[in-house]
Amino acid sequence: MADDPHISDILVIGSGAAGLTAALNLAARFRVTVLAKGALNEGSTAWAQGGIAAVLEPGDSFENHIEDTMVAGAGLNDRATVEMVVENAPAAIERLAELGVPFNTDGNSLHLTREGGHSHRRIVHVDDATGWAVQEALLKAARANPNITLVPDMVVIDLATSRHEERYSGAGNVWGVYAFNRATNRVELFTANATVLATGGAGRTYLFSTAPRGATGDGIAMAWRAGCRISNMEFMQFHPTCLYNLDVKNFLITEAVRGEGGQLINPLTAKRFMPYYDPRLELAPRDIVARAIDAEIKRFGLDCVHLDISHMGPDFVKQHFPTIYARLIDLDIDMTTGPIPVVPAQHYTCGGVVIDRDGRTDLPNLYAAGEVSQSGLHGANRLASNSLLECFVFGEAVANHIAANWGDLAPPPAIRPWDESRVTDSDEEVVIKQNWTEIRRFMWNYVGIVRSTKRLERAQHRIQMLRGEVNDYYGHFRVTADLIELRNLLESADLIVRSALHRKESRGLHYTLDYPETLDLAVDTVLVP
């Protein structure tokens, strides 16, 4: 397309499931620019192994799926949002199949697997690499669309708002973004009538995470700085089973391994330990399984625990988990004959930018969808395989609202270009690496699976010390991709700790030794800038 991608009708930040769904639904009428932080397929979507939850089995019902979601969310979900997402799930699956996603089938019907917290088999999947197949199909469709311009290697710095207009205004409108081009090392301005945040979560604030390297909470931090409310950031989901391997930092062992019969074993006692923690055993919700593993590791001084599915037989294992089997064989682990060493790792950000059911944020012209947002779907804990589903349903909801209200969205006024007249090139890259490592380590140790007020206050103290250092650095030196991410990591860490200190109870994913009880009334944590 010959048109300048810097000026478009709609700007989408993020090229995962939520961003591309919004873009594809808007491209019939509008010119859309999609910015990706790295390569176009580097986001969290491509990493999602499990699948997509939808009511497709006889005997299952929307009511069952809604109930399972509400139970997992510990009463904090917004019921109307849950109903909207669940009821739109079968249609979303149908559209993905039309785009060419090769879902596994059993004869004439889709093959459904089951995961923790679900009362029925309702997970459609493509082997154990569903996200990759979905990402490929969406990208193929986007590349073929003449109205969509895909721009990789753009690290977004901040939203361009009314404050950046050449004629300053306090109206709070969002007119686009300033983004750092990795190829040229220059900052570029992208403007549009509407901007969609689909930047994913903040998993990389933690030392162990299954999230891709780019999940540094950029959209959450930018929205907060621009004036959006942020909600429920204390609810960080830890996946119970990430491969324990010091060379391979974030390889996830999907929940479906437990769904198909995998057992958790204490390597010291050689005993299965979930019977001591929950009657649902390995299929208890993720927070319970993660806490059980954490307890075993701390109690016995272990590095990891074992996940064993070898008793199901080699043919069964290879057929159900071809991707995981092949990856582990490369690392000299044979899951058909022995156990897989696993530890919990940060996996999903349940909180985020507050949105309504149309994906609207608090700021005019700014929308959000997917993991960056807090829509009310997940509550205090995400039910397995509801996350990709949220991306499709809200990506479409955002597109529908923009299209229906296009007449009210004004074209952007003149925006001031990025000013770097008062900064120089950095001479201290080591500062960024040191601070990055420090944040991830204290977040893991103090704001992990089990918390206490004292640990949270220690983390808060570290954040306050680092904030001065990072702000000083940001004010004096030209931006780099690493500096932008560090600034957002610190902002995200602060939002997580503030939210966790605010909640004086244990609920869902937030478990604190000082307030082990769950209060009768479920209330969202909402931080107001």
Side-chain angles (χ1 to χ4, degrees), residues 49-50 72 114-117 128 206-210 236-314 316-317 320-321 324-325 327-329 331-348 381 384 441 444-452 455 506 508-513 516:
Q49 292 175 344
R114 189 173 162 190
E115 292 185 341
D128 52 357
Y206 285 89
L207 187 59
F208 296 106
S209 172
T210 63
M236 276 289 172
Q237 187 171 61
F238 288 81
H239 197 287
T241 54
C242 181
L243 175 67
Y244 178 71
N245 182 301
L246 297 179
D247 299 322
V248 181
K249 279 288 190 285
N250 52 1
F251 186 66
L252 179 66
I253 308 298
T254 171
E255 186 144 346
V257 173
R258 302 200 306 285
E260 296 294 346
Q263 298 180 353
L264 288 164
I265 311 287
N266 180 319
L268 206 63
T269 63
K271 275 193 176 147
R272 188 178 180 187
F273 58 81
M274 278 314 293
Y276 303 114
Y277 292 95
D278 195 280
R280 291 166 290 188
L281 308 174
E282 281 80 5
L283 282 178
R286 288 177 177 177
D287 55 322
I288 291 168
V289 180
R291 273 204 296 278
I293 296 172
D294 187 63
E296 289 288 302
I297 285 173
K298 286 185 170 141
R299 189 171 152 215
F300 290 91
L302 309 170
D303 288 327
C304 62
V305 298
H306 285 166
L307 175 61
D308 196 349
I309 194 170
S310 59
H311 55 276
M312 298 300 288
F316 179 91
V317 172
H320 279 73
F321 306 108
I324 296 173
Y325 172 76
R327 185 79 175 93
L328 292 178
I329 283 289
L331 300 166
D332 295 326
I333 299 166
D334 187 344
M335 67 188 285
T336 66
T337 59
I340 308 164
V342 294
V343 286
Q346 189 287 340
H347 183 56
Y348 190 84
N381 186 6
R441 184 147 276 148
W444 182 257
N445 289 333
Y446 296 153
V447 199
I449 297 169
V450 176
R451 299 161 181 178
S452 71
R455 287 178 203 166
S506 290
L509 298 163
H510 176 72
Y511 185 80
T512 168
L513 299 170

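Position 1 is the first residue of the sequence, and the numbers go up from there.
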(request) Of all the heavy-atom pairs spanning Pro344 and Ile297, show the shortest one and how long it is. (result) CD-CD1, 4.1 Å
(message) Tell me the closest heavy-atom pair linking Leu207 and Trp444, and the distance in Å.
(response) CB-CB, 3.7 Å
(request) State, yes or no, whether a side-chain contact exists between Gln346 and Phe238 at a heavy-atom distance under 4.5 Å. (result) yes
(message) Please give me the minimum heavy-atom distance between Val305 and Pro267, naming the atom from each residue.
(response) CA-CD, 3.9 Å
(request) Look up atom CZ in Arg327 and atom CD1 in Ile253, then write down how far apart they are to the nearest 0.5 Å. (result) 9.5 Å
(request) Using the test side-chain contact (heavy atoms from CB on, under 4.5 Å), find all partners of Arg455 that sit at least two apart in sequence or belong to another chain. (result) Tyr446, Val450, Ser452, Leu513
(message) Please enumerate all residues that pass ring pair (Phe, Tyr, Trp, His ring centres under 6.0 Å) together with His320, with sequence neighbours excluded.
(response) Phe316
(message) Could you work out, with side chain to side chain donor-acceptor pair (under 3.5 Å) as the rule, every residue matching Tyr348, not counting sequence neighbours?
(response) His378, Glu390
(request) Among residues two or more places apart or on two chains, list those pairs meeting salt bridge (charged side-chain N to carboxylate O under 4.0 Å, His left out) that have a residue in residues 267-277. (result) Arg272-Glu282
(request) Mark yes or no for whether His311, through its side chain, and Gly261, through its backbone, hold a donor-acceptor pair below 3.5 Å. (result) yes
(message) Does Gln237 form a side-chain hydrogen bond (donor to acceptor under 3.5 Å, both in side chains) with Asp287? I'd like the steps, not just the answer.
(response) CA-CA 7 Å; Gln237 187 171 61; Asp287 55 322; over 6 Å; no
(message) Are Met236 and Leu509 packed together at the side-chain level, in the sense that at least one heavy-atom pair is separated by less than 4.5 angstrom?
(response) no
(request) For the pair Thr241 (side chain) and Val342 (backbone), establish whether a donor and an acceptor sit closer than 3.5 Å, ignoring hydrogens and angles. (result) no
(message) Determine whether a donor-acceptor pair (N or O, by modelled atom type, separation under 3.5 Å) exists between the side chain of Tyr276 and the backbone of Ala292.
(response) no
(message) With side-chain contact (heavy atoms from CB on, under 4.5 Å) as the test, pick out the partner of Pro240 among Ile293, Ile288, Leu264.
(response) Ile293
(request) Determine yes or no for a side-chain-to-main-chain donor-acceptor pair under 3.5 angstrom, with Thr512 supplying the side chain and Ser506 the backbone. (result) no
(request) Quick one: which residue pairs count as a salt bridge (charged side-chain N to carboxylate O under 4.0 Å, His left out) with a foot in residues 295-311, not counting sequence neighbours? (result) Asp294-Lys298
(request) Name all residues meeting the salt bridge (Lys or Arg N to Asp or Glu O under 4.0 Å) criterion together with Arg441; count only those two or more places apart in sequence or in a different chain, and write none if there are none. (result) none
